[in-house]
**Student:** 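So that we are looking at the same thing, I have put the structure below in structure tokens.
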Amino acid sequence: MSEVVPPEDLSSAARLIKEHSGKVLAFTGAGVSAEAGIPTFRGKDGLWNRYRPEELATPRAFESNPKRVWEWYKWRMSIIARAEPTWAHKVMADWERKGVLMGVVTQNVDGLHQRAGSRLVIELHGSIWRTRCTVCGRRFDLGFGNIPEEDLPRCRECGGLLRPDVVWFEEPVPMDQFERAERLFSEAEVILIVGTSGVVMPAALLPINAARQGKILVEVNPEETNLSSLATIRLRGPAGEIFRELARLVEEDLSWR
Ligand code: APR
């Protein structure tokens with residue numbers, strides 16, 4: 001463990017996960033994919049330090065220059081296509097298979113949770129591996145790693161311009177996905193907050209409301225965040241390394257189940 005995470009914090013977190021097995025939910029952000037080489041949005045090296053979101057991730061940006069927006073998304077797709085799930089993605093998928101973790105509510109669009117084997121993944125901000133027709137509204141799954149060739153991909157049904165099926169700034173989160181996420185949060189007893197700055201609404205309302213309802217939050221993040229004060233335990237380190245250690249501690253005495 002390159003960062004010094006107090007072992008007592010790790011064992012307390014592992015104990016909470018065992019004691020609440022089956023009622024543990026993960027809420028993830030860009031930081032969970034950082035060790036896979038996928039840039040985050042904020043903090044050092046964040047994408048929003050180098051690019052202006054209003055030029056690349058808003059409906060107006062797409063309307064005024066769809067070619068530039070597609071270029072940026074295809075660049076991000078090329079980085080993600082080469083990325084492998086981190087230990088954190090893999091441990092969450094393993095814990096879901098074992099009935100420890102309910103599933104994942106993610107703000108990420110990279111598809112790495114599914115690639116690691118997670119089955120219940122709610123993508124609040126859509127998927128970079130799906131397109132949507134701006135005319136007829138049809139959605140098309142590209143499949144992980146399949147980057148459109150055309151500069152301006154077209155709908156095969158109506159010929160309309162396709163856009164990435166992700167949620168841009170100034171756009172609402174799909175209500176059906178948000179309501180599914182709310183139901184999962186209401187059933188959960190422990191929420192693992194992994195790799196998110198917790199500044200984007202309404203996604204961040206989910207852990208904030210969970211804390212208000214007295215649920216236990218465990219934060220996994222090398223930095224202090226908007227949600228840190230709500231966390232019972234703060235594991236200050238990289239998610240991949242921390243989940244690898246948590247997996248060892250949770251598995252230590254299988255008899256606990
Ligand atoms: N392990 C865990 N956390 C990490 C790691 C790591 N290895 N590296 C960085 N982080 C943390 C950072 O400290 C930061 O708190 O990940 C967080 C990333 O924060 P953001 O870049 O703001 O990403 P996120 O919170 O997911 O952003 C939410 O903003 O731009 C929109 O739609 C976009 O879904 C995104 C939303």
Side-chain angles (χ1 to χ4, degrees), residues 1-3 5 9-10 13 26-59 61-62 69 72-73 76 79-80 83-92 104-113 121-128 130 163-174 177-178 181 191-208 217-231 233-246:
M1 177 79 65
S2 58
E3 323 264 333
V5 179
D9 290 352
L10 283 163
F27 176 70
T28 66
V32 78
S33 300
E35 287 149 276
I38 299 173
T40 60
F41 295 97
R42 299 169 185 84
K44 63 180 174 31
D45 308 331
L47 287 171
W48 299 145
N49 299 343
R50 290 179 272 161
Y51 303 96
R52 291 159 52 82
E54 50 278 12
E55 286 174 2
L56 295 165
T58 63
F62 189 72
V69 173
W72 191 67
Y73 273 88
R76 286 182 61 203
I79 294 172
I80 296 169
E84 286 300 323
T86 68
W87 268 102
H89 292 107
K90 287 185 244 183
V91 169
M92 287 183 220
V104 180
V105 175
T106 188
Q107 300 167 88
N108 300 341
V109 298
D110 58 33
L112 286 187
H113 283 298
V121 180
I122 295 180
E123 295 175 314
L124 294 175
H125 293 162
S127 170
I128 205 165
R130 196 174 50 241
R163 57 165 278 179
D165 192 21
V166 298
V167 177
W168 282 327
F169 291 103
E170 301 153 27
E171 289 189 319
V173 166
Q177 297 307 314
F178 195 77
I191 320 276
L192 309 177
I193 312 285
V194 190
T196 181
S197 56
V199 296
V200 169
M201 298 298 165
L205 283 180
L206 291 163
I208 291 169
L217 271 53
V218 175
E219 182 175 56
V220 178
N221 195 317
E223 315 275 340
E224 198 75 10
T225 75
N226 207 38
L227 302 173
S228 298
S229 60
L230 305 175
I233 301 177
R234 288 172 283 275
L235 302 175
R236 284 279 170 266
E241 292 185 26
I242 285 178
F243 270 83
R244 196 168 180 177
E245 189 58 17
L246 283 176

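Throughout, residue positions are numbered sequentially from 1 according to the sequence presented. Both ligands and their constituent atoms are indexed starting at 1 by order of listing.
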**Student:** Can you name the atoms of ligand 1, numbered from 1 with element, that are less than 4.0 Å from a heavy atom of Pro238?
**Tutor:** 1 (N), 6 (C), 7 (N)
**Student:** Please find out if less than 6.0 Å separates the ring center of Phe41 from that of Trp48.
**Tutor:** yes
**Student:** Taking atom types as modelled, is there a side-chain donor on Ser228 or Arg236 under 3.5 Å from an acceptor on the other?
**Tutor:**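 A pair is found: one side chain offers a donor N or O, the other an acceptor, under 3.5 Å apart.
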**Student:** Identify the protein heavy atom lying closest to atom 10 (N) of ligand 1, giving its residue, its atom name and the separation to 0.1 Å.
**Tutor:**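 Of the protein heavy atoms, Gly31 CA, 3.6 Å lies nearest.
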**Student:** Could you list the atoms of ligand 1 found under 4.0 angstrom from a heavy atom of Gly29?
**Tutor:** 26 (O)
**Student:** What are the atoms of ligand 1, with element, lying closer than 4.0 Å to any heavy atom of Glu223?
**Tutor:**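 Taking each heavy atom of Glu223 in turn, ligand 1 has 13 (O) under 4.0 Å.
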**Student:** Which protein heavy atom lies closest to atom 8 (N) of ligand 1, and at what distance to 0.1 Å?
**Tutor:** Ala34 CB, 3.6 Å
**Student:** Show the numbers, then the answer: is there a side chain to side chain contact (heavy atoms under 4.5 Å, CB included) between Leu47 and Arg76?
**Tutor:** CA-CA 10 Å; Leu47 287 171; Arg76 286 182 61 203; 4.1 Å; yes
**Student:** Counting heavy atoms only, which of Gly237, Pro222, Ala239 is nearest atom 3 (N) of ligand 1?
**Tutor:**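 Looking at heavy atoms only, the winner is Pro222.
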**Student:** Under a 4.5 Å cut-off applied to non-hydrogen side-chain atoms, are Leu235 and Val218 in contact?
**Tutor:**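 Yes, their side chains come closer than 4.5 Å.
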**Student:** Quick test: of every protein heavy atom, which one is nearest to atom 33 (C) of ligand 1, and how far off is it to 0.1 Å?
**Tutor:**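 Atom 33 (C) of ligand 1 sits closest to the protein heavy atom Phe41 CE1, 3.7 Å.
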**Student:** Relative to the heavy atoms of Ala30, which atoms of ligand 1 are at a distance of less than 4.0 Å?
**Tutor:**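 What qualifies from ligand 1 is 23 (O), 24 (P), 26 (O).
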**Student:** I need the nearest protein heavy-atom contact for atom 36 (C) of ligand 1: residue, atom name and distance, please.
**Tutor:**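 Here the nearest protein heavy atom works out to Val200 CG2, 3.7 Å.
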**Student:** How far is atom 15 (O) of ligand 1 from the closest protein heavy atom, and which atom is that?
**Tutor:** Asn221 ND2, 2.8 Å
**Student:** What's the shortest distance from atom 25 (O) of ligand 1 to any protein heavy atom, and which residue and atom give it?
**Tutor:** Thr196 OG1, 2.7 Å
**Student:** Please classify the Gln107 to ligand 1 contact at 4.0 Å (heavy-atom distances, strictly less than): side chain, backbone, both or neither.
**Tutor:**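 Both of them.
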**Student:** Quick one: do the Gln107 and Thr28 side chains pair a donor with an acceptor below 3.5 Å?
**Tutor:**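 No pair is found: no donor N or O on one side chain lies under 3.5 Å from an acceptor on the other.
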**Student:** Suppose we measure from atom 7 (N) of ligand 1 to each protein heavy atom; which comes out shortest, and what is that distance?
**Tutor:**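 Looking at atom 7 (N) of ligand 1, the protein heavy atom closest to it is Glu35 OE1, 3.0 Å.
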**Student:** Say whether, by atom type as modelled, one donor and one acceptor occur between the side chain of Arg42 and the main chain of Asp45 under 3.5 angstrom.
**Tutor:** no
**Student:** Could you check atom 18 (C) of ligand 1 against the protein and tell me its nearest heavy-atom contact, residue, atom and distance included?
**Tutor:** Gly195 O, 3.7 Å
**Student:** Looking only at heavy atoms of Gly43, does any of them come nearer than 4.0 Å to an atom of ligand 1?
**Tutor:**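 No, Gly43 has no heavy atom closer than 4.0 Å to ligand 1.
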**Student:** Can you check whether Ser33 reaches Leu112 side chain to side chain, under 4.5 Å on heavy atoms?
**Tutor:** yes
**Student:** Show your reasoning for whether side chain to side chain contact (heavy atoms under 4.5 Å, CB included) applies to Glu123 and Asn108.
**Tutor:** CA-CA 7 Å; Glu123 295 175 314; Asn108 300 341; over 6 Å; no
**Student:** Strictly distance-based, threshold 3.5 Å: is any side-chain N or O of Asp165 a donor or acceptor partner for the main-chain N or O of Arg130?
**Tutor:**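 Checking the backbone N and O of Arg130 against the side chain of Asp165, no donor-acceptor pair under 3.5 Å is found.
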**Student:** State, yes or no, whether a side-chain contact exists between Trp87 and Glu35 at a heavy-atom distance under 4.5 Å.
**Tutor:** no
